[in-house]
Amino acid sequence: MLKIPVTKEDHIQGDMDAPISLLEYGDYECSYCGLAYPIVKRIQKHFGKRLRFVFRNFPLVESHPHAGIAAMAAEFASLHHQFWEMHDLLYENQHALDISDLLKYAKSLNLSVVDLKTAIENETFSKNIKNDFLGGVQSGVNGTPTFFINGNHYKGSFEYEDLLMAIEQVKK
């Protein structure tokens, strides 16, 4: 079970009160998360307004050295109401997540490159990211991507048909 309930402070796409909730603990540098990214997009399209998608940071920095700064870039963008735009750019450019790349993405979203660089240097968003991470650990997350469907830990494959079927089962 999800130990930390979804709140308005989370990164949410869709209606907060949608009958179906799909929550992902993800890492922007994780290749499996990269594979799951377009599948989640298809799931969102399939369920439309019936689904709310929630993303929480779970950077595995021991294995993915750019995951932490990528999460900081996403949190910075969130401050400017552009979390999902940055989220998508990060997953669509997983092979390019060093600081110069992140600054380029910020510029493409008309965000301050100087402010992002300062936020990364000062680890301005490390508390938010750590809170997501610790909430994931409390909920039994030990790798990425990890999904929760309506608060229940989904342990199956994140292939489209499997995830779709699991959501359909919960929905009934």
Side-chain angles (χ1 to χ4, degrees), residues 1-60 63-64 66-68 70-78 80-97 101-102 104-106 108-109 111 128-129 132-133 135-136 139-172:
M1 288 294 293
L2 188 65
K3 299 293 183 191
I4 309 297
V6 174
T7 70
K8 292 181 191 299
E9 303 304 311
D10 279 298
H11 303 296
I12 301 169
Q13 273 186 327
D15 186 347
M16 182 70 176
D17 299 318
I20 307 164
S21 179
L22 177 64
L23 181 142
E24 176 186 359
Y25 279 96
D27 172 323
Y28 292 110
E29 197 170 4
C30 167
S31 60
Y32 296 108
C33 292
L35 293 172
Y37 167 73
I39 293 166
V40 169
K41 291 286 190 194
R42 283 181 66 196
I43 293 288
Q44 288 180 282
K45 186 174 182 179
H46 177 84
F47 286 102
K49 294 180 180 185
R50 297 176 294 153
L51 178 91
R52 97 178 152 187
F53 175 60
V54 182
F55 183 86
R56 290 182 178 167
N57 294 293
F58 202 83
L60 300 169
S63 306
H64 306 128
H66 299 99
M72 286 188 205
E75 291 299 321
F76 174 80
S78 178
H80 303 280
H81 310 288
Q82 294 195 62
F83 174 82
W84 293 107
E85 292 84 352
M86 182 65 82
H87 168 276
D88 292 354
L89 280 170
L90 296 172
Y91 275 126
E92 291 164 9
N93 297 282
Q94 268 194 317
H95 61 284
L97 296 176
D101 297 313
L102 300 177
K104 181 176 71 174
Y105 306 147
S108 76
L109 296 174
L111 299 174
N128 305 41
I129 295 163
D132 275 1
F133 190 90
S139 299
V141 176
N142 59 14
T144 57
T146 296
F147 292 100
F148 289 81
I149 301 170
N150 284 0
N152 295 305
H153 190 175
Y154 170 68
K155 296 182 181 179
S157 162
F158 59 82
E159 293 295 328
Y160 178 75
E161 293 298 329
D162 295 329
L163 194 52
L164 182 67
M165 191 180 333
I167 294 169
E168 290 285 357
Q169 292 298 321
V170 170
K171 189 178 76 153
K172 291 180 181 175

Original post:
Would Ile43 and His46 count as a side-chain contact (heavy atoms from CB on, under 4.5 Å) if you check the C-alpha gap in whole Å, the side-chain angles of each, and the deciding distance to 0.1 Å?
Top reply: CA-CA 5 Å; Ile43 293 288; His46 177 84; 5.6 Å; no
**OP:** Start with the C-alpha gap between Phe47 and Ile167, add the side-chain angles, then the distance that decides, and say whether side-chain contact (heavy atoms from CB on, under 4.5 Å) holds.
**Re:** CA-CA 10 Å; Phe47 286 102; Ile167 294 169; 3.3 Å; yes
**OP:** Any chance you could lay out the side-chain contact (heavy atoms from CB on, under 4.5 Å) test for Lys41 and Asp88, step after step, and finish with the verdict?
**Re:** CA-CA 10 Å; Lys41 291 286 190 194; Asp88 292 354; 3.2 Å; yes
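- Taking both residues in full, the closest heavy atoms of Phe147 and Ala36 are given as CZ-CB, 4.1 Å, listed atom of the first, atom of the second, then distance.
- Looking at residues two or more places apart in sequence or on another chain, you find a ring pair (Phe, Tyr, Trp, His ring centres under 6.0 Å) between His153 and Phe148.
- A search for ring pair (Phe, Tyr, Trp, His ring centres under 6.0 Å) contacts involving Phe158 returns nothing, not counting sequence neighbours.
- In this structure, the separation between CG on Asp132 and NE2 on His11 is 6.5 Å, given to the nearest 0.5 Å.
- Classification of Arg56 and Asp10 as a salt-bridged pair holds, one side-chain N sitting under 4.0 Å from a carboxylate O.
- What you find for Tyr32 and Pro145 is that their closest heavy atoms are CB-CD, 3.6 Å.
- Rounding to the nearest 0.5 Å places CD of Glu159 at 5.0 Å from CD1 of Ile39.
- Panel note: side chain Asn150, backbone Ser21; a donor-acceptor pair is recorded below 3.5 Å.
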Original post:
Would Leu22 and Leu51 count as a side-chain contact (heavy atoms from CB on, under 4.5 Å) if you check the C-alpha gap in whole Å, the side-chain angles of each, and the deciding distance to 0.1 Å?
Top reply: CA-CA 7 Å; Leu22 177 64; Leu51 178 91; 3.9 Å; yes
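- The backbone N or O of Glu9 lies less than 3.5 Å from a partner atom in the side chain of Thr7, making a donor-acceptor pair.
- With ring centers used as reference points, Tyr37 lies 6.0 Å or more from Phe55.
- Between the CZ atom of Arg42 and the CD atom of Glu161 there is a distance of 7.0 Å, given to the nearest 0.5 Å.
- Residues that satisfy the side-chain hydrogen bond (donor to acceptor under 3.5 Å, both in side chains) test with Gln13, not counting sequence neighbours, are Gln44.
- Note that OG of Ser78 is 11.0 Å distant from CE of Met86, once rounded to the nearest 0.5 Å.
- At distances below 3.5 Å, at least one donor-acceptor pair connects side-chain atoms of Gln82 with backbone N or O atoms of Leu109.
- Under a 3.5 Å cut-off, the side chain of Asp27 and the backbone N or O of Leu60 do form a donor-acceptor pair.
- Among Leu2, Ile149, Thr146, the one residue that satisfies the side-chain contact (heavy atoms from CB on, under 4.5 Å) test with Leu23 is Leu2.
- Ring planes of Phe53 and Trp84: tilted class, angle from 30 to 60°.
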